[in-house]
Protein chains: 2
Amino acid sequence: MRWTVRSQPLKNACDIWYGELSEQLGYVLKRAQLKVFENFLRCMASLQLTPAQFSVLLLVEKNPGRNQTEIASTLGILRPNFVAMLDNLESRDLCARIRSTNDRRSHILVLTDKGKAVLARAKKLVATKHEARLNDLLGQANREALIGMLAKIANEF
Amino acid sequence: MRWTVRSQPLKNACDIWYGELSEQLGYVLKRAQLKVFENFLRCMASLQLTPAQFSVLLLVEKNPGRNQTEIASTLGILRPNFVAMLDNLESRDLCARIRSTNDRRSHILVLTDKGKAVLARAKKLVATKHEARLNDLLGQANREALIGMLAKIANEF
DNA sequence: TATTGTTATACTCTATAACTATA
DNA sequence: TATAGTTATAGAGTATAACAATA
């Protein structure tokens with residue numbers, strides 16, 4: 001897990017011109033994403049949760065009893081890559097794999113009590129430190145508009 | 001270079017609930033970024049340019065005569081990682097390294113004639129296929145608002 | 001035969017240390 | 001000594017093939 005993230009400026013120290021670059025959707029999108037992940041990691045430093053791990057915990061809490069394939073594919077994580085992620089979360093006693101009785105090939109996923117407690121604390125940190133920062137920067141209405149447009153791009157582009 | 005990009009749905013086939021995830025800035029930002037890069041690669045398939053390579057060509061065109069360190073750091077690329085990128089662009093005769101006469105340690109970067117021609121074609125493809133797609137999806141005003149908010153996040157978050 | 005979780009593996013990105021040639 | 005470009009290398013993230021257990 002990387003706890004330092006490099007983020008470079010859109011405005012630089014020396015006098016280099018960005019030109020069309022500052023209008024390129026992909027460029028500003030990527031830069032913004034790096035900044036947001038960087039801020040997320042700082043906010044979550046006390047809980048040692050990455051954005052990906054947080055998304056897994058959120059989804060397992062909302063959909064207890066689903067198996068690895070279902071959770072992984074919903075998050076766009078390939079099953080082979082999900083194994084080490086779960087090993088990590090399980091070793092920290094945040095979630096558990098339970099052999100399904102219906103289909104003994106499947107591992108049902110659930111949050112442990114500690115996992116639920118950590119997720120609750122994580123949600124509070126995200127709301128008060130991370131998302132609040134975005135509200136300060138853009139205002140409530142713009143924040144909602146931004147999320148809406150990004151979701152539309154993610155779904156329909 | 002990877003020319004296939006996996007992009008997963010925000011809306012999935014089976015009945016798994018996203019819950020707070022669909023409101024998480026980082027999540028929708030990352031998903032949108034993957035979709036946009038995927039679309040960019042498809043639009044640029046004929047020119048075989050990645051988003052990163054396109055940004056290098058744009059910046060070198062706008063700032064001819066700058067050295068590797070200046071271009072790389074402006075784009076948030078670490079100098080060691082910039083070497084292979086330039087090797088690639090130079091081997092395709094899109095840009096050239098020129099030993100500076102002032103400081104013989106520096107490599108001045110310029111676009112070749114072919115590089116200028118390819119970049120001109122790339123800009124047209126981006127404008128007509130890629131950015132136009134975003135206009136269709138969001139409308140001109142929303143598109144500009146989105147870019148503005150993303151730039152603000154990239155600069156100030 | 002098909003699917004779940006897993007292992008092994010490979011490729012891209014990103015990051016740091018250290019070398020060389022110049023300054 | 002300090003800096004520019006480079007090499008080597010290591011760690012994430014992401015991708016595919018194939019295996020064991022189970023259906």
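Bear in mind that the values here come from a model prediction, so they are computed numbers and not experimental data. All values below were derived from every heavy atom in this structure, side-chain atoms included, with hydrogens, water molecules and symmetry-related copies excluded. Chain naming here is simple, since letters A, B, ... match the order of the sequence lines and numbering starts at 1 in each.
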Quick one: which residue pairs count as a side-chain hydrogen bond (donor to acceptor under 3.5 Å, both in side chains) with a foot in residues 108-117 of chain A, not counting sequence neighbours?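 As it turns out, there is no side-chain hydrogen bond (donor to acceptor under 3.5 Å, both in side chains) pair with a partner in residues 108-117 of chain A once direct neighbours are skipped.
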Among residues two or more places apart or on two chains, list those pairs meeting ring pair (Phe, Tyr, Trp, His ring centres under 6.0 Å) that have a residue in [range].
range: residues 64-97 of chain B; answer: none
range: residues 101-126 of chain B; answer: none
range: residues 123-157 of chain A; answer: A:F40-A:H130, A:H130-B:F157, A:F157-B:H130

Between A:D87 and B:N81, name the one whose nearest nucleotide on DNA chain C is closer to the 5' end.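 Closer to the 5' end of DNA chain C: A:D87.
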Ignoring backbone atoms, establish whether B:R79 has a side-chain N or O less than 4.0 Å from OP1 or OP2 of C:dT14.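 For C:dT14, OP1/OP2 do not have a side-chain N/O of B:R79 under 4.0 Å.
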Can a side chain N or O of A:T69 be found less than 4.0 Å away from OP1 or OP2 on C:dG5?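 Affirmative; the distance criterion is met.
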Roughly how bent is the helix from C:dT1-D:dA23 to C:dA23-D:dT1 end to end, in steps of 10 degrees, with each end axis from five pairs?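 For the helix from C:dT1-D:dA23 to C:dA23-D:dT1, the axes at opposite ends meet at about 10°.
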Rounded distance in Å - [atom1] ([X]) to [atom2] ([N]):
X: A:F37; N: D:dA12; atom1: CZ; atom2: C1'; value: 13 Å
X: B:Q33; N: D:dT14; atom1: CD; atom2: C1'; value: 13 Å
X: B:I71; N: D:dG5; atom1: CD1; atom2: P; value: 10 Å
X: A:L86; N: C:dT7; atom1: CG; atom2: P; value: 12 Å
X: B:F82; N: D:dT3; atom1: CZ; atom2: P; value: 20 Å
X: B:L78; N: D:dT7; atom1: CG; atom2: C1'; value: 15 Å
X: A:M85; N: D:dA12; atom1: CE; atom2: P; value: 13 Å
X: B:I77; N: D:dA4; atom1: CD1; atom2: P; value: 17 Å

So, using side-chain hydrogen bond (donor to acceptor under 3.5 Å, both in side chains) as the criterion, who are the partners of B:N135 when residues are at least two apart?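 With sequence neighbours excluded, B:N135 shows a side-chain hydrogen bond (donor to acceptor under 3.5 Å, both in side chains) to B:Q140, given in chain and number order.
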All salt bridge (charged side-chain N to carboxylate O under 4.0 Å, His left out) counterparts of A:D93, not counting sequence neighbours: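 Expected list: none.
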Taking salt bridge (charged side-chain N to carboxylate O under 4.0 Å, His left out) as the definition, give me every residue that meets it alongside B:D103, ordered by chain and number, with sequence neighbours left out.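 Here the qualifying residues are B:R105.
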Base-contact (B) and sugar-phosphate-only (S) positions in nucleotides 17-23 of chain D, heavy-atom cut-off under 4.0 Å, - elsewhere: B---BBS
I'd like to know if A:E131 pairs up with A:K123 as an ion pair, taking the criterion as any Lys NZ or Arg NE/NH1/NH2 lying under 4.0 Å from an Asp or Glu carboxylate oxygen.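 No.
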Would A:D136 and A:R143 pass as an ion pair if we require N to O under 4.0 Å?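 Salt bridge between A:D136 and A:R143, a charged N being under 4.0 Å from a carboxylate O: no.
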Among D:dT7, D:dA4, C:dT6, the one nearest B:N67 by side-chain distance: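 Given the options D:dT7, D:dA4, C:dT6, the side chain of B:N67 is closest to D:dA4.
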